[in-house]
Amino acid sequence: MNIILLGPPGCGKGTQAKRLQDRHGMIQLSTGEMLRAEVESGSDLGNEAKEIIEAGKLVPDDIIIDLIAKRIQEPDCQEGFILDGFPRTVPQAEALETLLKEQNIIVESVIEFSVDDDAMVKRIVGRFACTACGRGYHEEYQRPLIEGVCDQCGGKDFMRRADDNEETVRSRLADYHRQTAPIIDFYRDREMLVSVDGMAEIDQVTEKLETIVG
Ligand code: AMP
């Protein structure tokens with residue numbers, strides 16, 4: 001099964017994509033994570049994208065479309081994938097539609113997380129993750145069970161994303177409303193869209209997704 005998760009930064013797409021991957025085996029394709037890996041590796045693409053990401057702006061469509069076009073052809077995507085953070089503009093949604101048609105790939109559901117902007121700022125500014133395993137935490141809502149130790153792998157180093165500060169988050173949210181929200185109508189017109197309440201508890205959102213993904 002192939003699905004697309006849509007929603008502003010902080011809405012829970014990444015967390016739920018990881019859970020779907022663990023339960024159903026589809027591969028999470030997070031364009032944000034792919035780009036951060038490029039930045040980390042110091043590749044030409046990473047160097048080009050670094051400043052854009054840190055300013056909370058969107059990377060040019062052609063770069064990101066190319067990245068996804070290559071990635072979905074890899075063998076691990078053949079059993080299904082979850083697009084997390086892509087598409088983010090109407091041209092990206094159109095390019096994806098063409099790409100999928102050419103390769104006879106069907107997306108079964110486009111799931112939109114509906115949330116409140118101010119709550120997203122609070123969620124993002126407080127979040128951090130284990131450097132070793134990537135397990136996500138939040139200063140207020142989800143601290144490690146033992147202070148300073150990752151629940152999942154016992155790691156003791158934690159990191160914050162460079163773009164998770166209030167100013168950048170506000171810019172990312174503004175971009176979401178201007179550039180990404182229009183693709184909700186794009187998928188609604190194609191009768192592919194399902195909405196979930198992204199303000200609900202994490203486990204409740206997971207339960208709701210289970211009813212959709214089955
Ligand atoms: P995310 O991890 O999804 O919040 O993405 C982090 C950053 O990566 C974004 O703020 C953008 O700078 C860049 N990015 C990720 N996905 C896309 C995309 N589909 N189109 C353009 N830029 C993207």
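The basis for the numbers below is simple: all heavy atoms, side chains too, and nothing from hydrogens, waters or symmetry mates. Every value quoted in this text rests on a predicted model; they were computed, and no experiment measured them. All ligand and atom numbering here is 1-based and tracks the order in the structure.
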- Query: Any salt bridge between D185 and R188, counting N to O under 4.0 Å?
  - Reply: yes
In terms of its nearest heavy atom to atom 1 (P) of ligand 1, the top option of R88, E33, K57, K13 is R88
So for I53 against ligand 1, with non-hydrogen atoms under 4.0 Å, the contacting part is both
* To do: For atom CD of E51, decide whether the heavy atoms of other residues, nucleotides or ligands shown that lie under 6.0 angstrom number more than 12.
  => no
* Taking the side chain as C-beta and beyond, is there a heavy-atom pair between L209 and I111 under 4.5 Å? -> yes
Looking only at protein heavy atoms, what sits closest to atom 22 (N) of ligand 1 is V59 N, 3.0 Å
Notebook entry, point to check: Under 6.0 Å from the CG atom of D44, do we count more than 12 heavy atoms belonging to anything else shown?
Noted result: no
Any heavy atom of L58 under 4.0 Å from ligand 1? The part involved is both
Numbered in order shown, the ligand 1 atoms found under 4.0 Å of a heavy atom of Q92 are 18 (C), 19 (N), 20 (N), 21 (C)
Of Q179, R172, E54, R161, the one whose closest heavy atom lies nearest atom 6 (C) of ligand 1 is R161
- Cation over ring, R178 on Y176, under 6.0 Å and within 45°? no
**Item:** Salt-bridge contact E38-K50 (side-chain N to carboxylate O under 4.0 Å)
**Value:** no
I'd like to know if the side chain of Q28 reaches the main chain of Q21, judged simply by a donor and an acceptor atom lying under 3.5 Å from each other, with no hydrogens or angles considered. no
Taking only non-hydrogen atoms of R36 and a 4.0 Å limit, the atoms of ligand 1 in range are 2 (O), 6 (C)
Looking only at non-hydrogen atoms, the one of D61, T31, T168 nearest atom 16 (N) of ligand 1 is T31
The protein heavy atom nearest to atom 13 (C) of ligand 1 is L35 CD1, 3.5 Å
Do G85 and ligand 1 have an N or O pair less than 3.5 Å apart? yes
